[in-house]
Amino acid sequence: MNDAAHTNGTVAKETDDAFVIGDHSFSSRIIVGTSRYPNPQVMLDALKATGTELVTVAIRRVNIEKPAPESHLDLIRKGGYEVLPNTAGCYTAREAVLTARLAREALGTDLVKLEVIGDDETLMPDVEQLLDAAQTLVDDGFTVFAYANDDPITCRKLADLGCAAVMPLGSPIGSGMGIVNPYNLRIIREMIEDTPLIVDAGIGTASDAVTAMELGYDGILLNTAIAQAQHPVDMGRAMRKAVEAGRTAHRAGRIPQRLYAEASSSMEGRIGT
């Protein structure tokens, strides 16, 4: 995006608006998952359409010790993407920590998307196990992206533990329900000013991504909305534009919302007055 965004009366170009998480910096604010695409080529084309630089891979679902020729990971790396391993499928802090350490050893990265799920039905995070795993991984030198409920208290605790990014859900994983509780997300953003916030899970279409960014979030993470769209590449392109538009609108500063109308033209000098 080449448009300039105005902040505090100055002009800030998009290149001055890097997405910084820990010691890592990205120009794109979209993180994209790599599962459920119709085929590998559609996945690669969709990733390119989003403009993403960081893609997430479920470590428990790929063979990272003895990858087959032209494996999932090979394709991603050949595309020039940085890999964000995630602990999807883990239900305890112990499982999540072991999975993260395996990923670091095999892939040579300190990045990890931390998921500790409470049950198979809702796929909601288990807060107690999540906080336990987050503390261990932060202490172990990981750059932790922590997937959380849209609970301001839990998110504040994760930030206080030293997580590099906190990722409250927009709605349940894979639901496509969008941002179901914008009020909580607003509270989280107001409470946490010093840690990057990413809306993770539930994004269904481009307008959801715009909403997340207009709320002041630093990025979005999504998978199903693109992979399961009727035309994944087109949806990936739409998501890229939506994130750019939402980010620019947030930085521009929207007008106050009013209950009653306010004329845009001066009321002075009207005929008959």
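All residue numbers in this chain count up from 1 along the given sequence.
The same ILVMFWY cluster, assembled from side-chain heavy atoms under 4.5 Å apart, contains both Ile59 and Tyr81. The cluster map of Ile, Leu, Val, Met, Phe, Trp and Tyr, joined by side-chain heavy atoms under 4.5 Å apart, puts Leu73 and Leu75 in the same cluster. Hydrophobic clustering (ILVMFWY, side-chain heavy atoms < 4.5 Å, transitive): Ile76 and Leu221 are in distinct clusters. Residues Leu131 and Ile117 are members of separate hydrophobic clusters, defined by side-chain heavy-atom contacts under 4.5 angstrom among Ile, Leu, Val, Met, Phe, Trp and Tyr. A chain of hydrophobic side-chain contacts below 4.5 Å, direct or via other Ile, Leu, Val, Met, Phe, Trp or Tyr residues, connects Tyr147 to Tyr91.
Between the OG1 atom in Thr56 and the CZ atom in Phe145 there is a gap of 9.0 Å [rounded to 0.5 Å]. Going from atom OG1 of Thr50 over to atom CD1 of Ile226 covers 5.5 Å, rounded to the nearest 0.5 Å. Atom CD1 in Ile187 sits 11.5 Å away from atom CG in Leu215 (nearest 0.5 Å). One finds the CD1 atom of Ile21 at 6.0 Å from the CZ atom of Phe26 (value rounded to the nearest 0.5 Å). Atom CZ of Arg240 and atom OG of Ser28 lie 7.0 Å apart (nearest 0.5 Å). Between the CG atom of Leu84 and the CG atom of Leu54 there is a distance of 5.0 Å, given to the nearest 0.5 Å.
Checked against side-chain contact (heavy atoms from CB on, under 4.5 Å), Val42 has the following partners two or more places apart in sequence or in another chain: Tyr37, Pro38, Asn39, Pro232. A search for salt bridge (Lys or Arg N to Asp or Glu O under 4.0 Å) contacts involving Asp150 returns nothing, not counting sequence neighbours. In this structure, the side-chain contact (heavy atoms from CB on, under 4.5 Å) partners of Asp194, at least two apart in sequence or on a different chain, are Arg156, Ile192. Every residue meeting the side-chain contact (heavy atoms from CB on, under 4.5 Å) condition with Asp139, not counting sequence neighbours, appears here in chain and number order: Gln135. Remark: Glu262 engages Arg258 in a salt bridge (Lys or Arg N to Asp or Glu O under 4.0 Å) (not counting sequence neighbours). Legend: residues meeting side-chain contact (heavy atoms from CB on, under 4.5 Å) with Arg254, ordered by chain and number and at least two apart, are Gln257. Residues meeting the side chain to side chain donor-acceptor pair (under 3.5 Å) test with Thr224, sequence neighbours left out: none.
Shortest non-hydrogen contact noted between Arg29 and Arg247 is NH2-NH2, 3.3 Å. Residues Met43 and Thr34 share a closest heavy-atom pair of SD-O, 3.6 Å. Residues Phe19 and Ile198 share a closest heavy-atom pair of CZ-CD1, 3.8 Å. The two residues Ala148 and Pro125 come nearest to each other via the heavy atoms C-CG, 3.8 Å. The heavy-atom pair separating Ala227 from Ser35 by the smallest distance is CB-O, 3.4 Å. Annotation for Glu121 and Asp119: closest pair N-OD1, 2.9 Å, computed over non-hydrogen atoms.
Considering only heavy atoms from C-beta on, Met124 comes within 4.5 Å of Pro172 through its side chain. Val127 has its side chain out of reach of Asp151: every pair of non-hydrogen atoms, C-beta onward, lies at least 4.5 Å apart. Between Ile188 and Met191, every side-chain heavy-atom pair lies at or beyond the 4.5 Å cut-off. The side-chain heavy atoms of Leu158 and Val144, taken from C-beta on, include no pair separated by under 4.5 Å. By the 4.5 Å heavy-atom criterion applied to side chains, Thr195 and Cys163 are not counted as neighbours. Tyr217 has its side chain out of reach of His250: every pair of non-hydrogen atoms, C-beta onward, lies at least 4.5 Å apart. Contact annotation: the side chain of Leu137 approaches that of Val97 to within less than 4.5 Å [non-hydrogen atoms, C-beta and beyond].
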- Message: Evaluate Ile220 against Met213 for side chain to side chain contact (heavy atoms under 4.5 Å, CB included), listing each step before the verdict.
- Response: CA-CA 8 Å; Ile220 63 169; Met213 299 306 291; 4.2 Å; yes
- Message: With side chain to side chain contact (heavy atoms under 4.5 Å, CB included) as the criterion, how do Phe142 and Leu114 come out once you've worked through the C-alpha distance, each side chain's angles and the decisive distance to 0.1 Å?
- Response: CA-CA 10 Å; Phe142 282 88; Leu114 175 61; over 6 Å; no
- Query: Where do Leu169 and Asn149 land on the side chain to side chain contact (heavy atoms under 4.5 Å, CB included) test, with the steps shown first?
  - Reply: CA-CA 6 Å; Leu169 55 81; Asn149 298 303; 4.2 Å; yes
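Under the salt bridge (Lys or Arg N to Asp or Glu O under 4.0 Å) criterion, the residue pairs touching residues 175-192 are Arg189-Asp218, with sequence neighbours excluded. Under the salt bridge (Lys or Arg N to Asp or Glu O under 4.0 Å) criterion, no residue pair touches residues 32-57, with sequence neighbours excluded.
Checked by atom type and distance alone, the side chain of Glu214 never pairs as donor or acceptor with a backbone atom of Gly246 at under 3.5 Å. Remark: the backbone N or O of Gly178 is paired with a side-chain donor or acceptor of Ser171 at under 3.5 angstrom.
Members clustered with Met177: Val180, by chain and number, using a 4.5 Å side-chain heavy-atom cutoff among hydrophobic residues.
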Compile the donor-acceptor pairs under 3.5 Å between side chains in residues 199-210 and protein atoms, sequence neighbours left out, one pair per line.
{"residue": "Asp200", "atom": "OD2", "partner": "Lys113", "partner atom": "NZ", "Å": "3.0"}
{"residue": "Asp208", "atom": "OD2", "partner": "Gly204", "partner atom": "N", "Å": "2.8"}
{"residue": "Asp208", "atom": "OD2", "partner": "Thr205", "partner atom": "N", "Å": "3.0"}

Using atom types as modelled, flag every donor-acceptor pair under 3.5 Å from a side chain in residues 104-112 to any protein atom, sequence neighbours excluded.
{"residue": "Arg104", "atom": "NH1", "partner": "Asp140", "partner atom": "O", "Å": "2.9"}
{"residue": "Arg104", "atom": "NH2", "partner": "Asp140", "partner atom": "OD2", "Å": "3.1"}
{"residue": "Thr109", "atom": "OG1", "partner": "Leu111", "partner atom": "N", "Å": "3.1"}
{"residue": "Asp110", "atom": "OD1", "partner": "His24", "partner atom": "NE2", "Å": "3.1"}
{"residue": "Asp110", "atom": "OD2", "partner": "Thr143", "partner atom": "OG1", "Å": "2.6"}

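Residue Arg77 qualifies as enclosed at atom CZ: its count of foreign heavy atoms under 6.0 Å is above 12.
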